[in-house]
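I have placed the structure first, in the form of structure tokens, so that the comments after it can refer back to it.
What you see is a predicted model; the values in this text were computed from it and never measured. Residue numbers start from 1 in every chain, and the chains themselves are labelled A, B, ... in the order their sequence lines are given, proteins ahead of strands.
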Number of protein chains: 2
Amino acid sequence: MKLITRDTDYAIRALCFIARRQKGLTSVSELVSVLGIPRPFLRKLLQTLNKKRLVKSYKGKGGGFRMARLPRKIIIADLMRIFQGPLKISEHVFKNSPCPERKVCKFKQKLDVIERYVVGELKRINLESIL
Amino acid sequence: MKLITRDTDYAIRALCFIARRQKGLTSVSELVSVLGIPRPFLRKLLQTLNKKRLVKSYKGKGGGFRMARLPRKIIIADLMRIFQGPLKISEHVFKNSPCPERKVCKFKQKLDVIERYVVGELKRINLESIL
DNA sequence: ATATAATGATACCATATTAGTATCATTTGT
DNA sequence: ACAAATGATACTAATATGGTATCATTATAT
Ligand code: FES
Ligand code: FES
């Protein structure tokens, strides 16, 4: 029952580090030495963060990454969607097709309530609030 | 981000069916034909439910399963623990050892709040309430 | 120009978890 | 004795997660 996968977790730590540096770039090498995250994995994460425009990358010697927006505009729920897909916790399933009873299922209804709360909270957590 | 695995899901459906039958036993064959769950898988689930004393099994011809306690005493959180292990959603991890910063980490603190809510709610859902 | 140090793109591999099967033993009613 | 049920247990398949490897591209410094 893991809400946060390692992708997301690592990405958050990397972003925290980058965000704290007000000016200038942060290279993968630096992040690796500080955070201890496996280099190729971290590189992959940063590349997707770049594609998704959460950071801006600069190639070439002296290059690296900087934030592409204010930390308070970086929402944990968005990071989770990027690395983990849609924020859904309550899909009853019937051999890979959605359960036919889902419209009336009381259990699903209760899970939906939980889901709404969880997703709501995750949308409220931004990078600034955990710096 | 799946809260409920298929084990648990199937188990709940099976229990619902068994619980609705006030008197007498329910066999795996019957459950299979009604619920469409793969037979050996369902058998495995019911065997663990029996070991955990949520149902009582009867062997031999004409045998099957019945509830071992009132539906309202069957708690979803317990089922999840049985099939999915401890109810934890917020473990920051650092290459398989727990993260050293977890005591002061603001993100973890926020996840803890979410976790307490979720687990609290899951403990409140019982079989009766979803019949 | 060229060497170097950085990221981009992509494909691949390893491990763990989840989902499902198979087989044989045991019990019980007829 | 036989048939119909569960018990125990080991195995296999599929998927998701975590991590590597490789080569291409870009920018800087000399
Ligand atoms: S949605 Fe199918 S039984 Fe709940
Ligand atoms: S508990 Fe380690 S960074 Fe949050």
Can you name the atoms? Protein N/O to nucleotides 28-30 of chain C N/O, anything below 3.5 Å, with the distance.
from	atom 1	to	atom 2	distance (Å)
C:dT28	O2	B:Lys61	N	3.2

How does protein reach along nucleotides 13-18 of chain C, written 5' to 3' as B (base within reach of a heavy atom under 4.0 Å), S (only sugar-phosphate), or - (no contact)? ------
Under 3.5 Å, which donor-acceptor pairs do the side chains of residues 59-68 of chain A form with other protein atoms, sequence neighbours left out?
from	atom 1	to	atom 2	distance (Å)
A:Arg66	NE	A:Tyr58	OH	2.9
A:Arg66	NH2	A:Tyr58	OH	2.8

Rounded to whole Å, please give me the gap between [atom1] in [X] and [atom2] in [N].
X	N	atom1	atom2	answer
B:Leu45	D:dT6	CG	P	13 Å
B:Leu25	D:dA5	CG	P	11 Å
B:Arg39	D:dT6	CZ	C1'	11 Å
B:Leu42	D:dT6	CG	C1'	12 Å
A:Lys44	C:dA6	NZ	P	22 Å

Difference in axis direction between the ends of the helix from C:dA1-D:dT30 to C:dT30-D:dA1, five pairs, 10°: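 About 0° separates the two local helix axes.
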With sequence neighbours excluded, give me every salt bridge (charged side-chain N to carboxylate O under 4.0 Å, His left out) pair touching residues 38-48 of chain A.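 Every candidate salt bridge (charged side-chain N to carboxylate O under 4.0 Å, His left out) pair involving residues 38-48 of chain A fails, so no pair, neighbours aside, qualifies.
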Could you go step by step and tell me if A:Asn50 and A:Leu46 meet the side-chain contact (heavy atoms from CB on, under 4.5 Å) rule? CA-CA 6 Å; A:Asn50 178 49; A:Leu46 285 166; over 6 Å; no
Quick check for you: among C:dG20, C:dT7, D:dT6, whose closest atom lies nearest to any side-chain atom of B:Tyr10?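 Shortest atom-to-atom distance from the side chain points to C:dG20.
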Of the nucleotides D:dG18, C:dT21, C:dA6, which one has an atom closest to the side chain of A:Phe41?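 Looking only at heavy atoms from C-beta outward on A:Phe41, the closest nucleotide is D:dG18.
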Counterpart residues, salt bridge (charged side-chain N to carboxylate O under 4.0 Å, His left out), relative to A:Glu30 (two or more places apart):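 A:Glu30: salt bridge (charged side-chain N to carboxylate O under 4.0 Å, His left out) contacts with A:Arg21.
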Just to verify, what does A:Arg116 make a salt bridge (charged side-chain N to carboxylate O under 4.0 Å, His left out) with, not counting sequence neighbours?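 Here no residue qualifies.
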Let me know, please, whether B:Gly64 or A:Arg43 comes out on the 5' side of the other along DNA chain D by nearest nucleotide.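 Closest to the 5' end, via its nearest nucleotide, is B:Gly64.
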Under the side-chain hydrogen bond (donor to acceptor under 3.5 Å, both in side chains) test, which residues partner A:Lys110, sequence neighbours left out?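 Checked A:Lys110 against side-chain hydrogen bond (donor to acceptor under 3.5 Å, both in side chains); zero matches.
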So, using side-chain hydrogen bond (donor to acceptor under 3.5 Å, both in side chains) as the criterion, who are the partners of A:Asp112 when residues are at least two apart?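 Partners of A:Asp112 by the side-chain hydrogen bond (donor to acceptor under 3.5 Å, both in side chains) criterion, ordered by chain and then number, come out as A:Ser90, A:Lys108.
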Taking only residues at least two apart or on different chains, which pairs with a member in residues 27-49 of chain A satisfy ring-ring contact (aromatic ring centres under 6.0 Å, His included)?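 Matches after skipping sequence neighbours: A:Tyr10-A:Phe41.
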Would you mind reporting whether B:Val119 and B:Ile89 have side-chain heavy atoms less than 4.5 Å apart?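 No, their side chains stay 4.5 Å or more apart.
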Inspect the contact between A:Asp9 and A:Arg6 and indicate whether a charged nitrogen and a carboxylate oxygen are less than 4.0 angstrom apart.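 A:Asp9 and A:Arg6: not salt-bridged.
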side-chain hydrogen bond (donor to acceptor under 3.5 Å, both in side chains): which pairs involve residues 117-131 of chain A, sequence neighbours left out?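 side-chain hydrogen bond (donor to acceptor under 3.5 Å, both in side chains) check on residues 117-131 of chain A returns A:Glu121-A:Arg124.
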For DNA chain D, which residues in residues 46-56 of chain A have a heavy atom at a distance below 4.0 Å?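 Nucleic-acid contacts, sorted: none.
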Joint cluster assignment, B:Leu122 & B:Leu131, ILVMFWY side-chain distance < 4.5 Å: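 Different hydrophobic clusters.
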Just wondering, are more than 12 heavy atoms of other shown residues or ligands nearer than 6.0 Å to CD in A:Gln109?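 For A:Gln109, atom CD is crowded (more than 12 foreign heavy atoms under 6.0 Å).
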